[in-house]
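Worksheet for the structure shown next.
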Amino acid sequence: MDERTQFYLNTVAALLNCPSDQQAMDILAANSSVIDEGFLNIMGQVADNMTSVGRNYTANWLRSLRNKLAASLGKQATPVELNLYHTFLVEVLEAIQKNPNTQVAYLLLVANQDKLNDHLADVLQAWATDVLPLMTEIAGLYTAQTIVDFSNLMKGFSLGNLEINIELAIIGYQVAATLITRNNFPSQWAIIQNNLGLAYSDRIRGSLEENRELAIHYHTQALQEHTRSHFPFDWARGKSNLGLAYSDRIFGTKADNLELAIECYQQALLENIRPHLPEIWARTQNHLGLAYSHRVCGKKAENVELAIYCYKQALLEYTLEGYPEMWAAVHNNLGNAYCDRLSGNKADNLELAIECYQQALQQYTRERFPETWAKTHNHLGVALCERLYGERKNNLERAIQYLNQALQEYTRDRFSYMWAQVQNHLGLAYSERLCGERADNLELAVHYHTQALQEYTRDRFPSEWAITQHNLGNVFCQRLRGKQTENLKQAIHYFNQALQEYTRDRFPYDWAKMQNNLGNTYKKLQYTLEAVKAFQSALSIYTPTTFPLESLVSGRNLGDTAFAHGMWAEAIQGFADAIEAFESSPTWVTSQVRQNPVFQNSSDMYDKIAQSCMNGERSGQVLRSEYKERFGSKQITDLLANLDPHQKITSQILLLKENEQKTSRGFSVYKKKKVKRKNKIS
């Protein structure tokens, strides 16, 4: 091998190892003097080799980069080359004309992948512009339909460069639409518009936002002719496609776009398309499930239940025998829904999720579906981290194993976003790990979360960046290496970083969660005033009616912290919210929550709030109206009866209950001042 070829190969290897497109362009700029046709040929050969071993994603990226370089070099096809492209195009079109359903045209594409490039796109555009107007009306329409068939073939062609394949399909549809017009052939025109919408949904070139808008435009155009009254099944198919375009839309708000998507899917299902279009019906059910899974409007618990229903409906048609790949995809989606489920038993839901992921892996082998195989391993790792059945130690070890397997495909150079996500999940797993040295595991957790931040930058992925900052804050609160004071201060730094994105207006729940974490960290540092203020901030969102468990936890934190330092008014505020949340527990408590130590050890709050009232400025007043009624209420009596029999309420409360009908002496009426809350959560 000569030195120049070796240099080409080394440069291509450097490009493939770049973590971002910008760094790849920097390498090319630094070596611009040696970028020539020979270098482009080597890039093409490497891309072909990658395709042969299933690395299609990287191969397409390299081919796209090669095409950009070729354009920048001004490499023009010679007349001889253009003639070869023209001959090839005519040969493919003639094969399609003879029989669009034969494999002849497909085999021609397979054998001439080197000609599927921008030169062929230019030839197609020029040939259609020059030749079609000269044909008779019938011949022109016949040729236009052949071009539509060619575009359909190119859109589904999985070999070669996916980017140029889609471009060829789009050019073909657009050329054909100049003859197959809405006025002359409305139904066929609508089919082309629908196909253009699908092509723009998959388009790689150009602005992603603009492509999605064009997809919506073309699907909407198609529905002007494919009306429900005249073409019910085409209308339903078009509505389903339009729903998918709205689901992927970038322009506008996510909440509004998902509502539009859900409306389209629901309209599509108004037609009884299952007997006639079973695959479209199942696909629509699956997409509707995805829309409900990500829905912003409405109640999350109800949306997840609707998603689960839709996925189960899809599986009525997407069977393992008939549609093995889609069967696996729906099981993957169903597993995600069970992980997010709020209804039912959390432990059982996680078992259902794990079962769904394992079923998906029956089809998603690494050899056939490497990317989806990695995604499912990632999901399994997360589910096992949260699993409640089985040995916690074993679940976490299995989770780490699955996450590391996901990284075999989710490399940083090819899947930077998913690579960072798995790094984050590994950090969470190691922060909980029971095997090995605790100090070592926490250091590994810091390492993985820090790795994730290499890709999750605030400007590119603000939400993921904030989550990772929060995760690092939690790890530094537990860290054993280094000085505890410095670790806790570092944790506060990370929590405050996360709050730059988790603002009260945009993410009230997460903002309040961060405030509670800050309060606990300040408490460990004995920064009492800061801790109290943080807990109070959390309680401005975590009200007893909207988030009872969180209100119980934060209220208890505020009450205990203030009580220990004689801050009686603040202690009363915290315990009052916690008690109100605690007493409403029959409406929201689950078996898992009932096992929570905070829930089980809540009876002493009554003693402490009474003591706080006695010690505070209002100690001379009579606390009879509100808290005396609480202590003697049937609701509390029933609730306490349901607690662990070994857990006894304290003597002062029992005494109050015993004597409340016998004496008028006691505590003053204390009306708790309600905290003014601006941003209430519905």
Side-chain angles (χ1 to χ4, degrees), residues 516 519-520 523 526 528-529 531-532 535-536 538-539 542-544 548-586 588-589 593-675:
N516 186 68
N520 285 325
K523 183 178 178 181
Q526 298 183 4
T528 304
L529 293 178
V532 166
F535 290 135
Q536 287 174 325
L539 287 170
Y542 289 161
T543 68
L549 177 59
E550 291 84 350
S551 181
L552 172 59
V553 172
S554 295
R556 180 61 186 268
N557 288 340
L558 174 59
D560 286 340
T561 303
F563 187 88
H565 293 84
M567 301 171 69
W568 309 120
E570 291 80 1
I572 292 168
Q573 176 196 353
F575 288 132
D577 273 2
I579 288 172
E580 186 177 343
F582 180 69
E583 291 180 0
S584 68
S585 62
W588 58 268
V589 73
V593 172
R594 195 175 293 280
Q595 296 169 11
N596 191 311
V598 175
F599 187 86
Q600 291 185 334
N601 301 324
S602 295
S603 59
D604 67 332
M605 295 187 300
Y606 295 92
D607 275 341
K608 289 183 177 180
I609 196 170
Q611 190 67 43
S612 298
C613 291
M614 293 172 63
N615 293 347
E617 295 179 359
R618 299 174 179 269
S619 59
Q621 301 176 7
V622 181
L623 186 65
R624 180 181 298 137
S625 174
E626 185 171 352
Y627 291 112
K628 181 183 170 188
E629 290 177 6
R630 286 173 181 249
F631 299 154
S633 68
K634 183 178 184 301
Q635 184 182 26
I636 291 299
T637 303
D638 293 341
L639 181 62
L640 293 172
N642 290 328
L643 291 175
D644 188 284
H646 299 292
Q647 182 180 351
K648 302 298 183 181
I649 194 165
T650 55
S651 59
Q652 291 96 327
I653 303 302
L654 289 173
L655 185 60
L656 281 171
K657 289 175 62 64
E658 181 181 350
N659 295 333
E660 67 175 336
Q661 299 298 329
K662 299 178 182 179
T663 180
S664 60
R665 181 181 60 83
F667 302 104
S668 64
V669 176
Y670 174 80
K671 294 295 185 183
K672 183 184 70 166
K673 293 182 179 180
K674 295 292 184 181
V675 178

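Computed from a prediction, not measured in an experiment: that's the story for all the values here. These values consider heavy atoms only, across backbone and side chains, with no hydrogens, waters or symmetry-generated copies.
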Check your understanding: If you draw the axis of the six-membered ring of Phe563, does the NZ or CZ of Lys608 fall within 45° of it and under 6.0 Å from the ring centre?
Key -> yes

So which atom in [X] and which in [Y] form the shortest heavy-atom distance, rounded to 0.1 Å?
X	Y	value
Leu539	Gly574	CD1-CA, 4.4 Å
Ala578	Met605	CB-SD, 3.5 Å
Ser612	Ala571	OG-CB, 3.6 Å
Ser554	Asn516	OG-OD1, 3.0 Å

Revision key, fill the gap. Side chain to side chain contact (heavy atoms under 4.5 Å, CB included) test vs Met567 passes for just one of Leu529, Leu558, Ile572, Thr561, namely Leu529

Practice item. Answer with yes or no whether the side chains of Gln611 and Asn615 bring together a donor and an acceptor at under 3.5 Å. Key: yes

Check your understanding: Can you list the steps and then say if Asp560 with Phe575 is a side-chain contact (heavy atoms from CB on, under 4.5 Å)?
Key -> CA-CA 8 Å; Asp560 286 340; Phe575 288 132; 3.4 Å; yes

**Study point:** By side chain to side chain donor-acceptor pair (under 3.5 Å) - contacts of Glu570 (at least two apart)
**Key:** none

**Study point:** Stepwise side-chain hydrogen bond (donor to acceptor under 3.5 Å, both in side chains) test for Ser551 and Asp577
**Key:** CA-CA 7 Å; Ser551 181; Asp577 273 2; 4.7 Å; no

Practice item. Kindly indicate whether the side chain of His565, heavy atoms from C-beta on, has any atom under 4.5 Å from the side chain of Val532. Key: no

Review point. Going by heavy atoms in the side chains, are Asn520 and Phe535 under 4.5 Å from each other?
Key: yes

